[in-house]
Amino acid sequence: MKRFIVTAALLLSMAVSVFAASSDLTPLAVVKLNGSETITVKTLKDRVGLWTKLNGVKEATLEQKKAILDNLIYEKLVAQAAAKDGLSITDTQIDQSFLSTMSQNFGQQFSNETQLSDFLKKQTGKNLSEYIKEMTGYSLPDYKVYLKNSILVQQYVYTKKQEDIKKVSATDEEIRNAYSMNKATFVWSDMVKLFLVIVPKEKDAAAAKKKAEKMLKDYTKKPSTAEDAIKNDGDNGKAYQAGYMLMTTQQAQQFGWASDKVVELFGRKKGFVSELSETSVDFQFYVVKEKYAAKMLAIDDIIQPESTTTVYDYIKQSLTAQKQSQYFAQAAQDLSKSLDTKANVDRKKSGDALDKLLNWDSES
């Protein structure tokens, strides 16, 4: 009797698994503007999984799932329309876009996926495929397909609406209102402009120190000619780094300088040349080129020292970018809806039948 109960439970479990698998394959819609793509329950589950991860929520509501399904249909419609118009994007372009995004996310340049995977293994204990699966719910190839469609959609909408998008701009009234509402945020902190020279120790600390000492000695003797020579030397950017930097007290601390060194820096006069200092990884010295006192910025002031961009220009650029982004999103939505016809989309499920399929969170 006990064996029968165990067997019956096992068969029931297998039946539930088979039903769930078959349910995942149920088609929800077929997009057929250019070719034919079927959106199944599994397709939607994957996209909902990505949506929940990006938005930091545990699960989507029924209405959110329906909205995600509509967006998935719209995405495939526009991607097919783009392909029909001859727009395309290569796998190499997708790979480059993917690596560029990951480089920005981690603040480190990756030239290939092997390098990225090695970095992730050290940082997270996971290889690239495992990391993408955990972060998005997609396999790496499926995630790249998602990226490809997203880029195609952007290209298509832009080609159709680029002239209209270029006309969208912030008005004078909007700019001045934005300044009035955020006036307190437009300030200069105390800043110094430095000429900073850094010589990494790498494998030969003694040689690095000797090189840094020579540059400092040359600078002390003839500042103007030595500065140009150090900046324009072919070794700059290779054997050492030298250049100008605007620095606030907060940035100096983020740069790894001790509090006493920061206080010392902001107390120095223009033209001051520091002694050579040593960190765990390099030797460095600096020259105070200019000092700027803290102040509130008027709308016609430049946004930062030695810039040509005023606060007005900065706000205009920011607001215009926001308005163009909003216009782009609406244009994409409008284009998608115009393509959403019975000839282009065959919705297989609706009403209660659709609700039942989308209610997978309640499945045991």
Quiz item: Hey, does Val192 have a side-chain heavy atom less than 4.5 Å from the side chain of Thr248?
Solution: no
Quiz prompt | Residues which pass salt bridge (charged side-chain N to carboxylate O under 4.0 Å, His left out) with Glu134, listed by chain and number, not counting sequence neighbours | solution = Lys126
Exercise. Please report the shortest heavy-atom distance between Val187 and Ala184, naming the atom on each side.
Key: CG1-O, 3.5 Å
Self-check item: side-chain hydrogen bond (donor to acceptor under 3.5 Å, both in side chains) partner of Tyr244, chosen from Glu306, Glu227, Lys289
Solution: Glu227
Self-check item: Nearest non-hydrogen partners of Ile73 and Ala29, listed with the distance
Solution: CD1-CB, 3.9 Å
Exercise. Quick one: which residue pairs count as a salt bridge (Lys or Arg N to Asp or Glu O under 4.0 Å) with a foot in residues 318-327, not counting sequence neighbours?
Key: Glu174-Lys323
Self-check item: Side-chain donor/acceptor of Trp360 to backbone N/O of Lys45, under 3.5 Å
Solution: no
Quiz prompt | Over-ring placement of Lys201 relative to Phe283, 6.0 Å and 45° cut-offs | solution = yes
Quiz item: How many angstroms lie between atom CZ of Phe186 and atom OH of Tyr179, to the nearest 0.5 angstrom?
Solution: 8.0 Å
Quiz item: Ala294 and Asp190: which non-hydrogen atoms are nearest, and at how many Å?
Solution: N-OD1, 2.9 Å
Quiz prompt | Residues, nucleotides or ligands: over 12 heavy atoms within 6.0 Å of Glu173 CD | solution = no
Self-check item: Residues which pass salt bridge (charged side-chain N to carboxylate O under 4.0 Å, His left out) with Asp235, listed by chain and number, not counting sequence neighbours
Solution: Lys211
Practice problem: Answer yes when Lys222 and Asp218 have at least one side-chain N-carboxylate O distance shorter than 4.0 Å, and no when they do not. | Solution: no
Quiz item: So, Ser139 and Asp142: side-chain donor and acceptor under 3.5 Å apart, yes or no?
Solution: yes
Exercise. Give the C-alpha distance, both sets of side-chain angles, the deciding distance and a yes or no for side chain to side chain contact (heavy atoms under 4.5 Å, CB included) between Ile39 and Leu69.
Key: CA-CA 9 Å; Ile39 298 173; Leu69 174 58; 3.9 Å; yes
Exercise. Locate the shortest heavy-atom distance separating Ile132 from Leu140; write the atom from each residue and the value.
Key: CG1-CD1, 3.9 Å
Exercise. Any chance you could measure Thr310, atom OG1, to Asp301, atom CG, to the nearest 0.5 Å?
Key: 9.0 Å
Residues 325-335, side-chain donor-acceptor partners within the protein, below 3.5 Å, at least two apart:
unit_1, atom_1, unit_2, atom_2, d
Gln330, NE2, Asp334, OD1, 2.9

Practice problem: Verify side chain to side chain contact (heavy atoms under 4.5 Å, CB included) between Leu25 and Val41, making sure each step is shown before the conclusion. | Solution: CA-CA 6 Å; Leu25 297 177; Val41 173; over 6 Å; no
Practice problem: State the CD-CG distance between Gln154 and Asn149, to the nearest 0.5 angstrom. | Solution: 11.5 Å
Quiz item: Does Lys261 NZ have over 12 foreign heavy atoms under 6.0 Å away?
Solution: yes
Quiz item: Quick check: are there more than 12 heavy atoms from other residues, nucleotides or ligands sitting under 6.0 Å from CE of Met296?
Solution: yes
Quiz item: Using the ring of each side chain (for Trp, its six-membered ring), is Phe98 parallel, tilted or perpendicular to Tyr143, with breaks at 30° and 60°?
Solution: perpendicular
Quiz item: Out of curiosity, Gln317 CD to Thr320 OG1, how far, rounded to the nearest 0.5 Å?
Solution: 8.0 Å
Quiz item: Nearest heavy-atom pair of Ala60 and Thr52: which atoms, and what distance?
Solution: N-CG2, 3.9 Å
Quiz item: Which side-chain hydrogen bond (donor to acceptor under 3.5 Å, both in side chains) pairs, counting each pair once, include a residue from residues 30-43, with sequence neighbours left out?
Solution: Glu37-Lys76, Glu37-Gln80, Thr40-Thr43, Lys42-Asp46
Quiz prompt | side-chain hydrogen bond (donor to acceptor under 3.5 Å, both in side chains) contacts touching residues 107-118 (sequence neighbours left out) | solution = Ser111-Gln115, Glu113-Lys144
Quick one: side chains of residues 158-166, donor-acceptor pairs under 3.5 Å with protein atoms, not counting sequence neighbours, listed by atom name and distance.
unit_1, atom_1, unit_2, atom_2, d
Thr159, OG1, Gln155, O, 3.3
Thr159, OG1, Tyr156, O, 2.7
Lys160, NZ, Asp85, OD2, 3.2

Practice problem: Indicate whether the side chain of Arg47 and that of Tyr146 have a donor and an acceptor atom separated by less than 3.5 Å. | Solution: no
Quiz item: Which residues satisfy the salt bridge (charged side-chain N to carboxylate O under 4.0 Å, His left out) test with Asp91, sequence neighbours excluded?
Solution: none
Quiz item: Which residues pass the salt bridge (charged side-chain N to carboxylate O under 4.0 Å, His left out) test with Asp346, sequence neighbours left out?
Solution: Lys348
Practice problem: With sequence neighbours left out, write down each residue that passes ring-ring contact (aromatic ring centres under 6.0 Å, His included) with Tyr314, or none if nothing qualifies. | Solution: none
Quiz item: So, Asn177 and Ser180: side-chain donor and acceptor under 3.5 Å apart, yes or no?
Solution: no
Quiz item: What do you reckon, is NZ of Lys66 surrounded by more than 12 foreign heavy atoms closer than 6.0 Å?
Solution: yes
Quiz prompt | Over 12 foreign heavy atoms within 6.0 Å of CG, Asp352 | solution = no
Exercise. Tell me, please, which residues at least two apart from Phe110 pass ring-ring contact (aromatic ring centres under 6.0 Å, His included).
Key: Phe119
Quiz item: Under 6.0 Å from the NZ atom of Lys53, do we count more than 12 heavy atoms belonging to anything else shown?
Solution: yes
Quiz item: Does atom NZ of Lys121 have more than 12 heavy-atom neighbours, drawn from other residues, nucleotides or ligands, at distances under 6.0 Å?
Solution: yes
Quiz item: Just checking, is any N or O donor in the side chain of Asn182 or Thr185 under 3.5 Å from an acceptor N or O on the other one?
Solution: no
Quiz item: Hey, is NZ on Lys337 packed in by over 12 heavy atoms from elsewhere, all under 6.0 Å?
Solution: no
Practice problem: May I ask you to test the Trp51-Gln64 pair for a side-chain heavy-atom distance under 4.5 Å? | Solution: yes
Practice problem: Show the numbers, then the answer: is there a salt bridge (charged side-chain N to carboxylate O under 4.0 Å, His left out) between Asp70 and Arg347? | Solution: CA-CA 10 Å; Asp70 284 341; Arg347 284 176 164 79; 3.5 Å; yes
Quiz prompt | Contact summary for Lys238 and Gly234, nearest pair of heavy atoms | solution = CD-O, 3.5 Å
Exercise. Quick one: pull up CG in Asp228 and OG1 in Thr225 and give me the separation to the nearest 0.5 Å.
Key: 7.5 Å
Quiz item: Taking atom CG of Leu194 and atom CD of Gln284, what is their separation to the nearest 0.5 Å?
Solution: 10.0 Å
Quiz item: Who passes side chain to side chain donor-acceptor pair (under 3.5 Å) against Lys291, sequence neighbours left out?
Solution: none
